[in-house]
Amino acid sequence: MATKRGKLIVFEGLDRSGKSTQCARLVEYLRQNGSTDVKHLRFPDRTTPIGQMINNYLAGSSQQEDHVIHLLFSANRWELAQTIESAIAGGTTVVVDRYYYSGCVYSAAKQNPSLDLAWCRHPEIGLPRPDICLFLDINAEDAANRGGYGNERYEKQDMQDRVRGLFGEMRIHEDEKDDIVVIDAGKDIETVEKCVQEAVRVAIERVDSGDRP
Ligand code: ADP
Ligand code: 2DT
Ligand code: MG
């Protein structure tokens with residue numbers, strides 16, 4: 001029998017929605033209960049030369065023009081695109097902490113007139129398509145209760161408010177909505193984890209049964 005292809009599973013959401021927590025838990029769960037190898041990635045991947053430029057920008061130790069940093073974030077995904085494709089083709093499931101959805105909304109939230117969501121989406125076209133994007137949905141109050149912002153560039157209230165609004169737009173966009181499952185991330189960690197597992201189970205079944213290419 002042919003090996004089943006791996007799946008591409010993405011976590012998205014605002015800062016402190018629980019992405020990194022749930023990503024790590026899902027990786028662990030799939031490693032123990034799934035029948036495939038699992039690769040855990042996060043974007044930005046700060047380990048590559050491009051990732052280091054992004055890290056310096058986020059830390060505030062370097063400046064970049066808005067379009068340039070947008071394209072660097074995108075390039076940081078493209079430098080792993082082939083690795084993701086090969087992993088999936090070889091039967092390995094890839095779980096990713098942030099993807100192009102963050103790429104689009106954080107750049108568009110800068111309110112640069114020539115950097116709207118549509119412009120931001122272009123360089124991402126052709127990247128491996130997620131089998132499911134788990135959007136961890138949380139309200140501002142619950143997120144605030146999880147602690148203050150750190151010192152990175154985008155961790156400011158007005159920016160976060162605009163990011164929230166743009167994520168809302170992206171979630172219902174015709175090109176994205178079929179891939180996105182909204183999870184109530186305001187619940188306790190174990191409850192969210194169960195919802196994630198169930199949504200992923202359904203997505204995996206859909207791919208394996210041929211309902212999704
Ligand atoms: P993100 O990666 O989306 O920024 P994290 O997973 O780092 O979020 O979580 C942010 C903080 O909130 C961490 O301190 C984490 O332990 C805590 N946290 C994560 N999920 C929950 C939850 N469901 N309920 C309460 N606290 C949570
Ligand atoms: P973390 O705190 O999750 O490391 O994110 N970002 C992320 C962008 O602006 N564009 C992108 O393409 C991606 C993937 C979101 C670091 C910050 O980088 C932002 C928060
Ligand atoms: Mg995180």
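Remember, it's 1-based here, ligands and their atoms both numbered in the order they're listed. Throughout, numbering of the chain's residues begins at 1 and tracks the sequence.
In this structure, atom 13 (C) of ligand 1 is not in close contact with the protein, since no protein heavy atom lies within 4.0 Å of it.
Ligand 1 has a nitrogen or oxygen under 3.5 angstrom from a nitrogen or oxygen of Gly18. For ligand 2, the polar-atom distance check against Tyr106 finds no nitrogen or oxygen pair separated by under 3.5 Å. Considering backbone and side-chain N/O of Asp15, none are found under 3.5 Å from N/O of ligand 1. Residue Ser20 has at least one nitrogen or oxygen atom sitting less than 3.5 Å from a nitrogen or oxygen atom of ligand 1, judged on distance alone. Among the atoms of Asp15, none of the N or O lies under 3.5 angstrom from an N or O of ligand 2.
The part of Arg42 lying near ligand 2 is the side chain, judged by heavy-atom distances below 4.0 Å. Residue contacts with ligand 1, taken as heavy atom pairs separated by less than 4.0 Å, involve Leu14 solely via the backbone atoms N, CA, C and O. At a heavy-atom cutoff of 4.0 Å, ligand 1 is contacted by the backbone of Lys187 but not by its side chain. Counting heavy atoms closer than 4.0 Å to ligand 2, residue Tyr154 contributes side-chain atoms (C-beta onward) but none from N, CA, C or O. For Asp188, every heavy-atom contact with ligand 1 shorter than 4.0 Å involves the backbone, none the side chain.
Counting atoms of ligand 1 from 1 in the listed order, those under 4.0 Å from a heavy atom of Thr21 are 5 (P), 6 (O), 9 (O), 15 (C), 19 (C). For ligand 2 and Leu58, the ligand atoms under 4.0 Å from any heavy atom of the residue are 16 (C), 17 (C), 18 (O). Each of the following atoms of ligand 2 lies closer than 4.0 Å to a heavy atom of Phe43: 14 (C).
One finds a salt bridge joining Arg46 and Glu152 here, because a Lys/Arg side-chain nitrogen approaches an Asp/Glu carboxylate oxygen to under 4.0 Å. With respect to Arg77 and Glu124, a salt bridge is recorded, a charged nitrogen being found less than 4.0 Å from a carboxylate O. Under 4.0 Å is where a charged nitrogen must lie from a carboxylate oxygen, and between Glu190 and Arg25 at least one such pair does.
For Phe167 and Phe135, the distance between ring centers is under 6.0 angstrom.
Considering CD of Gln197 and CD1 of Ile204, their distance stands at 10.5 Å, rounded to 0.5 Å.
Between Tyr154 and Tyr57, the ring-plane angle classifies as perpendicular under the 30° and 60° cut-offs.
When the options Arg153, Arg77, Arg98 are ranked by their closest heavy atom to atom 12 (O) of ligand 2, first place goes to Arg77.
For atom 16 (C) of ligand 2, the closest non-hydrogen atom on the protein side is Arg46 NH2, 3.5 Å. Taking atom 20 (N) of ligand 1 as the reference point, the nearest protein heavy-atom neighbour is Ile189 CG1, 3.6 Å. The shortest contact between atom 11 (C) of ligand 2 and any protein heavy atom is with Phe73 CD2, 3.1 Å. The nearest protein atom to atom 4 (O) of ligand 1, hydrogens excluded, is given as Arg16 N, 2.8 Å; this is a heavy-atom distance. With respect to atom 3 (O) of ligand 1, the closest heavy atom belonging to the protein is Lys19 NZ, 2.7 Å. Looking at atom 26 (N) of ligand 1, its nearest protein heavy atom turns out to be Arg146 NE, 3.5 Å.
Counting heavy atoms from C-beta outward, Asp208 and Lys7 have side chains that approach closer than 4.5 Å. For the pair Thr36/Lys4, no side-chain contact is recorded, criterion being any heavy-atom separation below 4.5 Å from C-beta on. Side-chain atoms of Ile88 and Val94, non-hydrogen and from C-beta on, do get closer than 4.5 Å to each other.
In this model, a donor atom of one side chain and an acceptor atom of the other lie less than 3.5 Å apart for Asp188 and Thr191.
The Mg ion (ligand 3) does not have Thr21 among its coordinating residues (no N/O/S atom, backbone or side chain, under 2.8 Å).
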Pair Arg171-Asp137, salt bridge (charged side-chain N to carboxylate O under 4.0 Å, His left out): steps then yes or no: CA-CA 11 Å; Arg171 261 165 44 183; Asp137 195 24; 3.4 Å; yes
With salt bridge (charged side-chain N to carboxylate O under 4.0 Å, His left out) as the criterion, how do Arg164 and Asp15 come out once you've worked through the C-alpha distance, each side chain's angles and the decisive distance to 0.1 Å? CA-CA 10 Å; Arg164 180 186 304 272; Asp15 294 73; over 6 Å; no
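Every heavy atom of Lys19 sits 4.0 Å or more from the atoms of ligand 2. Within the 4.0 Å heavy-atom cutoff, Gly13 does not count among the residues contacting ligand 1.
Lys194 NZ: 12 or fewer foreign heavy atoms inside a 6.0 Å radius.
Figure legend: Arg121 and Tyr100 shown as a cation-pi pair, the cationic atom lying under 6.0 angstrom from the six-membered ring centre and within 45 degrees of its axis.
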